[in-house]
There are 2 protein chains.
Amino acid sequence: MAATRSAVSRAPRARSKAAETPQGAAVADSAPLQLGELSELLGYVFKRAQLRIFEDFIRCVEPLQLTPAQFSVLVLLEHNPGRNQTEIATTLGILRPNFVAMLDGLESRELCVRVRSTQDRRSHIVMLTDKGRSVLARAKRLVATKHEARLNALLGEDGRSALLGMLDKLSKF
Amino acid sequence: MAATRSAVSRAPRARSKAAETPQGAAVADSAPLQLGELSELLGYVFKRAQLRIFEDFIRCVEPLQLTPAQFSVLVLLEHNPGRNQTEIATTLGILRPNFVAMLDGLESRELCVRVRSTQDRRSHIVMLTDKGRSVLARAKRLVATKHEARLNALLGEDGRSALLGMLDKLSKF
DNA sequence: TATAATTGTTATGAGCTATATCAAATAGCG
DNA sequence: CGCTATTTGATATAGCTCATAACAATTATA
């Protein structure tokens with residue numbers, strides 16, 4: 001699982017070639033490029049930060065081999081027993097067809113099980129297994145003590161809550 | 001180009017079926033699911049917000065048919081004349097192989113051109129065309145008057161700059 | 001009962017990201 | 001100079017995420 005990149009992600013690295021502007025002005029070797037108004041563009045900075053956060057999450061939870069999406073499914077299962085696939089998926093913004101393979105993965109690792117509902121035999125109730133509960137508990141500890149702790153150290157407790165508040169505004173606009 | 005979704009993105013929508021918890025307690029019809037600790041998980045809220053911001057960007061710039069990534073390329077070209085493909089791509093975190101098709105798209109729309117460098121005949125200098133400059137200018141206006149204006153209205157000018165500061169910290173940690 | 005809607009599923013396609021590899025050109029070193 | 005290594009743009013390919021259409025089984029509804 002290599003580092004995630006994106007159209008709006010990595011920092012520039014040092015280069016090695018001389019360059020000359022069309023105006024003919026000599027440019028210092030390997031001068032970093034100008035970001036221009038990108039550094040003020042919220043979406044640009046936002047995406048870079050988001051990628052870093054996910055990278056860090058994955059690294060912190062790496063012993064348990066859980067992606068952010070998988071973690072979010074387990075958390076939802078813990079807090080919402082008796083719900084079916086569609087309910088879990090749509091709550092997380094996952095389309096039902098795409099949730100099938102995802103659940104297959106979690107179920108094959110015995111972190112959850114599908115149980116055919118007796119009230120509506122079309123639907124599958126998704127339940128955490130004991131193993132799933134245990135893995136989730138360990139994951140939550142790793143997230144709290146490593147991932148969120150690092151973010152707290154970087155932003156400060158007040159900064160973190162201010163950030164959460166703004167993110168909340170943004171996500172429901 | 002349908003709305004972007006993600007494993008960590010959309011808001012829950014109303015549902016329509018009755019449900020009952022395993023404990024047997026009847027649950028109000030279509031009760032929204034509990035997010036649990038997800039609502040405090042920075043990465044989760046972050047990703048949702050990021051998707052909204054990109055959605056809004058795309059919508060605001062829709063008349064010009066520019067994605068955030070394409071916009072960022074044009075901005076970089078404007079501020080860094082005389083640079084080659086590799087320099088532009090790596091500055092934006094785009095891998096060179098993936099930048100080829102992206103540039104093909106922009107070049108086929110005559111927004112930029114590749115010019116073989118006379119100093120180093122391996123490299124292609126990427127230049128904005130007049131049309132590219134014009135499209136970029138219009139895009140920047142749309143971004144400023146619609147996209148960023150909306151974000152400013154939502155966050156306030158002080159909130160916006162506070163947010164930018166925190167995003168900056170996050171993206172270089 | 002006949003028709004419509006829902007659930008889980010499969011198939012499939014678009015888009016983005018990552019790696020390996022290649023030819024052409026250049027750099028660097030003996 | 002001549003040989004090797006590196007760089008550049010490009011191609012091919014694979015994996016992952018996201019999206020839509022369609023289908024069988026089941027349930028809801030007119």
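Since the model is a prediction, treat every value here as computed from it, not as a measurement.
- Evaluation of the side chain to side chain donor-acceptor pair (under 3.5 Å) rule for B:Arg109 yields no partner, not counting sequence neighbours.
- In this entry the distance linking CD of A:Gln119 with C1' of D:dT26 reads 14 Å, nearest Å.
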May I have the list of side-chain donor-acceptor pairs in residues 134-141 of chain A shorter than 3.5 Å, sequence neighbours left out?
residue  : atom : partner : partner atom : Å
A:Lys140 : NZ   : A:Glu78 : OE1          : 2.6
A:Lys140 : NZ   : B:Glu37 : OE1          : 3.2

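- Listed pair A:Thr86 / C:dG8 meets the phosphate criterion, a side-chain N or O lying under 4.0 Å from OP1 or OP2.
- Residue A:Arg122 places a side-chain atom within donor-acceptor reach of the base of C:dT6, judged by atom type and a 3.5 Å distance cut-off alone.
- Within 6.0 Å of CZ in B:Arg96 there are 12 or fewer heavy atoms belonging to other residues, nucleotides or ligands.
- Atom CG of A:Leu51 and atom C1' of C:dC16 are 12 Å apart (whole Å).
- Listed nucleotides: C:dT10, C:dT7, D:dT8. Nearest to the side chain of A:Pro97: C:dT10.
- For B:Lys47, a side-chain nitrogen or oxygen approaches OP1 or OP2 of D:dC18 to under 4.0 Å.
- Distance from the side chain of B:Leu95 is smallest to C:dA18 among C:dA18, D:dT20, D:dA10.
- For A:Asp120, counting side-chain heavy atoms from C-beta on, the closest listed nucleotide (D:dG9, D:dT26, C:dT9) is D:dT26.
- The distance from atom CZ of A:Arg83 to atom P of C:dT7 is 12 Å, rounded to the nearest whole Å.
- Within 4.0 Å of A:Arg121, counting heavy atoms only, lie sugar-phosphate atoms of the nucleic acid but no base atom.
- Rounded to an integer number of Å, the gap from CZ of B:Arg114 to P of C:dA24 is 18 Å.
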